[in-house]
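We name chains A, B, ... by the order of the sequence lines, and we start the count at 1 in each one.
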2 protein chains.
Amino acid sequence: MPAPQRAPTLVDVARAAGVSRATASRVLASNGYAAPHTRDRVTAAADRLGYVPDPAARALVRGTGVRLVMVVHGTSPRALDDPYVDQVVGAAARVCGPHGVGVALHWLPTRDLTQLRRLAEQRGVSGLILVNTTPSVLAAVPPALRGRVASLGVGSPLVASFDIDNGGGTAALVEHLYATGRRRIAMISGSRWLPCAGRSVRAYRAVMRAAGLPTRLVRGDFTADRGRAAAREVLARWPDTDAIVGASDTTSFGVISGLSRDGVQVPGDIAVTGFDDTPLAAMTTPSLTTSTHPVAGIATAAATAVLAGDAVRPPMLFPSRPVHRMSG
Amino acid sequence: MPAPQRAPTLVDVARAAGVSRATASRVLASNGYAAPHTRDRVTAAADRLGYVPDPAARALVRGTGVRLVMVVHGTSPRALDDPYVDQVVGAAARVCGPHGVGVALHWLPTRDLTQLRRLAEQRGVSGLILVNTTPSVLAAVPPALRGRVASLGVGSPLVASFDIDNGGGTAALVEHLYATGRRRIAMISGSRWLPCAGRSVRAYRAVMRAAGLPTRLVRGDFTADRGRAAAREVLARWPDTDAIVGASDTTSFGVISGLSRDGVQVPGDIAVTGFDDTPLAAMTTPSLTTSTHPVAGIATAAATAVLAGDAVRPPMLFPSRPVHRMSG
DNA sequence: TTGTAGGCGTTATCAA
DNA sequence: TTGATAACGCCTACAA
């Protein structure tokens, strides 16, 4: 038993199994030929020695990178200061260990989408996951990234999409409000430039039209502050409003906070719904009716696909399911 | 202009600068000698070519790993399902890119602390950051990790500590409650096994003793559900309680939710304080008085230290500053 | 089916 | 102060 401390390397395994490096490598990593008997001996030796391939060496020779970059698009670096981003990074970081890679977080300025090209060219980058994807971002994705880029949002023929069915989720909430007697339903939307926000708005419009009701739309930006202000705008323009659909939980927390400061009862006077099912949606008073999304599951799926180098498949739509609580 | 697509390598830089690989390497990475003139030429060439060292090659030859592992200690994998963990991972992921590494997330089961040894032996692991650190975890840290392990919590001679001044923060909150007239102050603590929870409890005890008041202590576990139940326990045992100090915001959200369901007014009847300044502490009704912590800053400091391979320094205590809102 | 040999991009140890 | 040169651990033609 020599080398007591050093981590076992491929040569150690090969020697222990009585084969050459190449054979051991073939069995352990590549899909090359190997006699069943040999295969067994090698895997047995690897297990016994607790062999773990060195990701650096592997990445070097294979030309694959060593880190998965989470690319968050936004106008300022503050785009990274978002619990949603953290959650997504956390989920990706969970699936990275076994692949011998890690997650890095990068802000992609709206002003300089060419950074995408630079990221793609970097050796060391095994793949990209796009967050807050817009059509312009998709357009800026260099072809060299094919097979190792995914989007948590809209996709393209080049970029695999792992998205939430915002339309369906919003529609379900609006229909729920209608079913519980609300008729003067307003919506506070998300940022104009985000495709997913557009889908929500369209769904809201569609349901209202189908019900023969007029729409009441105020632009928001996913922040609570804007939600608070927007709620007042709604009341100023349409004082008889009896429900407000927020584009995000955060928006709706702001809405409720603004309303209650103005002495408006929720849900007595106005019902409020959120979107996302933030952990604390269940904790507030009143608790927030919202739509829940398997965020971690989505990020996990995207990371797994990128790490596996899967071919681009048709967009994957994850469900948005309503959660009925006290606020609406 | 040959090789239009391939990322520039060290040879390219060397050739462009008219020096040898070794010299280029010395200038760009190591601290070796180089004539000022040479140095300039090499850096200029590197800039012009947009040279970025291949982290894999570097890690391979230097024996340094390629990922930073965030090790979260807990009894079940659900220890990873925590916004705090996500936030910490996100912060670390932000500082990783420039170093050519990424973050992986790993659950360290209380039952099997020997996993730490296995992690330490893995090539590919450049360093560890411990979360939810306990003395037993510290004891299980193998010496081989010296210089590349940090703890977000208690430390040891081997493990650098980046911690929050829970004691100071809690004391400030309790003193604030006292200053605003509360005298029958109860505390709902955190999990018994977490050192930081112990510090909070001690601080609470100390302030109460100094004020000549009896303590009212109920054990919590940082969850909202437990907070709700614990609030009722407090009321059952000490019906005249006029303030409750929660060990975490989540605990306190549960407390408030429980109290308001029982018709108790916050802060009218009972003041409630949290701990952590969760994003939504400001959004709830009533908004939560709590203590704020530079979590991202702490994680950033820890990650930076580990990536730099800093020597172990005395524990670094980050401030816990009270935020006065509506609940207390 | 297996082994030999060369190379991936860097760094570090020597001489020069 | 600089330049050859030998690793680092692994994969993959190619040859046997």
Sorted by first residue and then second, give each ring pair (Phe, Tyr, Trp, His ring centres under 6.0 Å) pair with at least one member in residues 40-87 of chain B; sequence neighbours left out.
B/His73-B/Trp193

For residues A/Arg146 and A/Pro157, report the shortest heavy-atom separation together with the two atoms involved.
NH1-O, 4.1 Å

Summary of salt bridge (Lys or Arg N to Asp or Glu O under 4.0 Å) pairs that have at least one residue in residues 56-72 of chain B, sequence neighbours excluded
none

Could you note down all residue pairs passing salt bridge (Lys or Arg N to Asp or Glu O under 4.0 Å) where residues 75-103 of chain A supplies at least one of them, sequence neighbours left out?
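Counting only pairs at least two positions apart or across chains, the salt bridge (Lys or Arg N to Asp or Glu O under 4.0 Å) contacts touching residues 75-103 of chain A are A/Asp81-B/Arg94, A/Arg94-B/Asp81.
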
Indicate for each nucleotide in nucleotides 9-16 of chain C, in 5' to 3' sequence, whether protein heavy atoms under 4.0 Å reach the base (B), only the sugar-phosphate (S), or nothing (-).
BBBB----

Looking at B/Arg118, I'd like to know if its CZ atom is crowded, meaning that more than 12 non-hydrogen atoms belonging to other residues, nucleotides or ligands lie closer than 6.0 Å.
yes

Would you please confirm or rule out a distance under 4.0 Å between OP1 or OP2 of D/dT2 and any side-chain N or O of B/Thr38?
yes

Are any of the side-chain heavy atoms of A/Leu105 and A/Val103 separated by less than 4.5 Å?
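They are not in side-chain contact.
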
With sequence neighbours excluded, residues passing side chain to side chain contact (heavy atoms under 4.5 Å, CB included) with A/Ala303:
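Checked A/Ala303 against side chain to side chain contact (heavy atoms under 4.5 Å, CB included); matches are A/Leu68, A/Ala92, A/Val95, A/Ile129.
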
Salt-bridge present (A/Asp12, A/Arg48; N to O < 4.0 Å):
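No salt bridge links A/Asp12 with A/Arg48.
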
Once you apply a heavy-atom cut-off of 4.0 Å, does A/Ala34 come out as touching a base, just sugar-phosphate, or nothing?
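The residue A/Ala34 makes sugar-phosphate contact but no base contact.
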
Kindly calculate the angle separating the two end axes of the helix from C/dT1-D/dA16 to C/dA16-D/dT1, each obtained from five base pairs, and round it to 10 degrees.
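Computed angle between terminal axes is 40°.
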
